[in-house]
Amino acid sequence: MERLQKILARGAIASRRAAEGLIVAGRVRVNGRVVTELGVKADERRDRIEVDGKRVVAENLVYAVLHKPRGVVSTMRDPEGRPTVRDLLTSLGARVYPVGRLDFATSGVLLVTNDGEFADALLHPKRAVPKVYVIKVKGAMTEADLDAWRKGVRLEDGMTLPAEVHLDRHEGDKTWLLLTIREGRNQQIRRMGEATGFPVMRLARLSFAGIDVEGLRPGKVRHLTRDELVALKKNYGVPRSTRASSSEPLQRGRMRPVPAVEHSPRSPRYGGGSPARRSVEVTEDWGGGAGRGSSSGRYPSERGPSEPGRASWRDHSDRPKPDVGAGRFARTRTTGTGGGIGASRGVWPYAPTDDRDRVKGRRKR
């Protein structure tokens, strides 16, 4: 059971706040009853939820990673008209949103999803999800300067948590660092640099919760792999299900896509009822046994030692074709409405005296 506004947001109807307006306006029905109170819960798998008379169906769960380039806002819309990540996520075919944010001038890993529980879990402070950055700062930092970052830096909103900092290299009066933090304050790293006298000149996120963008060009997006989902489930408890493939979004609840069954042309599927109701891959059955469907004069060869209990096929086009009523290898269909294999003489009294076998293809006794 979940709140209605959460279900509506997951069904790509509107954001949670906009969904609350739909509920208050009386445009939402649950099992035929209009709901106008906030806080009402429902089960999207059992209850019929409608907005303006149209049923709400939850989208497939999507977990992906975007290599966010610089100069792009990590929101779905920007009042200033700047480019947003929304334009980079159209290939996913679902309404997703970023898990956290990256600054306008920061590039790197940005997870996107439509699973609110997944996003909330990874952003909650108690999870202490690691975020790894590569940083270029102005000034030549020493080990003493790095220790200040490792112990925590005092900012306007309090002390930061201890960070893992490693010196990468110096480029004149500039320093490259590898930094790992486990909190997500607004512009935290840039503020740490300003507070310690080392302004940040370049910043890129290398990984988030162990997910990286290696081999993914800036502006491109990909689905998380099964192994990545399993690792997230093990370390942080989300997502709930990891059974779908990386290229197919997870299906919410028990409704999962069922792959189509393919039949080899050498092993046709027989039967299938009347032609009007028969599936496209069904082949008509023209007589029983291993020779069903054969009207081209082929005979089963002797069973070889490599395939005990099975008959292999060879083309004997030089042999005469069997008679129509030759039993197993006959070309007359025996699976229609003629009474089946067990039909015998005299069952159909209106047939001619010399042709009262309702099923052809069987030797007359």
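Computed from a predicted model, the values in this text were never measured in an experiment.
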Determine whether Leu216 and Leu229 fall in the same hydrophobic cluster, where Ile, Leu, Val, Met, Phe, Trp and Tyr are linked whenever their side-chain heavy atoms lie under 4.5 Å apart.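 Yes.
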For Val132, the hydrophobic cluster (side chain heavy atoms closer than 4.5 Å, chained through members) also holds Val134, Trp176, Leu178, Leu206
Connected hydrophobic set around Val34, excluding itself, where side chains approach under 4.5 Å: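 Members besides Val34: none; it forms no cluster.
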Got a sec, which residues hit salt bridge (charged side-chain N to carboxylate O under 4.0 Å, His left out) with Glu228, two or more places apart in sequence or on another chain?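 Applying salt bridge (charged side-chain N to carboxylate O under 4.0 Å, His left out) to Glu228 gives Arg222.
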Determine yes or no for a side-chain-to-main-chain donor-acceptor pair under 3.5 angstrom, with [X] supplying the side chain and [Y] the backbone.
X: Arg226; Y: Thr242; answer: yes
X: Thr160; Y: Val153; answer: yes
X: Ser74; Y: Leu102; answer: yes
X: Arg127; Y: Tyr236; answer: yes

Closest non-hydrogen atom pair, Pro98 against Met76: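 Between these two residues, the closest heavy atoms are CD-SD, 3.9 Å.
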Locate the shortest heavy-atom distance separating Met141 from Thr175; write the atom from each residue and the value.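 Result for this residue pair: N-OG1, 3.0 Å.
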Under the criterion side chain to side chain contact (heavy atoms under 4.5 Å, CB included), I'd like the reasoning laid out for Arg55 against Arg48: C-alpha separation, chi angles, the key distance, then a yes or no. CA-CA 7 Å; Arg55 187 166 185 177; Arg48 183 180 182 88; 3.1 Å; yes
Quick one: which residue pairs count as a ring-ring contact (aromatic ring centres under 6.0 Å, His included) with a foot in residues 106-145, not counting sequence neighbours? Tyr63-Phe118
Quick test of your reading: applying salt bridge (charged side-chain N to carboxylate O under 4.0 Å, His left out), list the pairs with at least one residue in residues 179-190, sequence neighbours left out, ordered by first then second residue. Asp103-Arg190, Asp157-Arg185, Glu183-Arg185
[X] versus [Y]: any side-chain heavy-atom pair under 4.5 Å?
X: Asp145; Y: Thr196; value: no
X: Glu156; Y: Arg191; value: yes
X: Thr113; Y: Pro239; value: no
X: Arg217; Y: His67; value: no

Would you say that more than 12 heavy atoms from the other residues, nucleotides or ligands in this model lie under 6.0 Å from the CZ of Arg150, or not?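 For Arg150, atom CZ is crowded (more than 12 foreign heavy atoms under 6.0 Å).
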Under the side-chain hydrogen bond (donor to acceptor under 3.5 Å, both in side chains) test, residues paired with Glu117 that sit two or more places apart: Arg240
Quick one: which of Leu92, Val99, Val85, Val65 gives a side-chain contact (heavy atoms from CB on, under 4.5 Å) with Val112?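 Passing option: Leu92.
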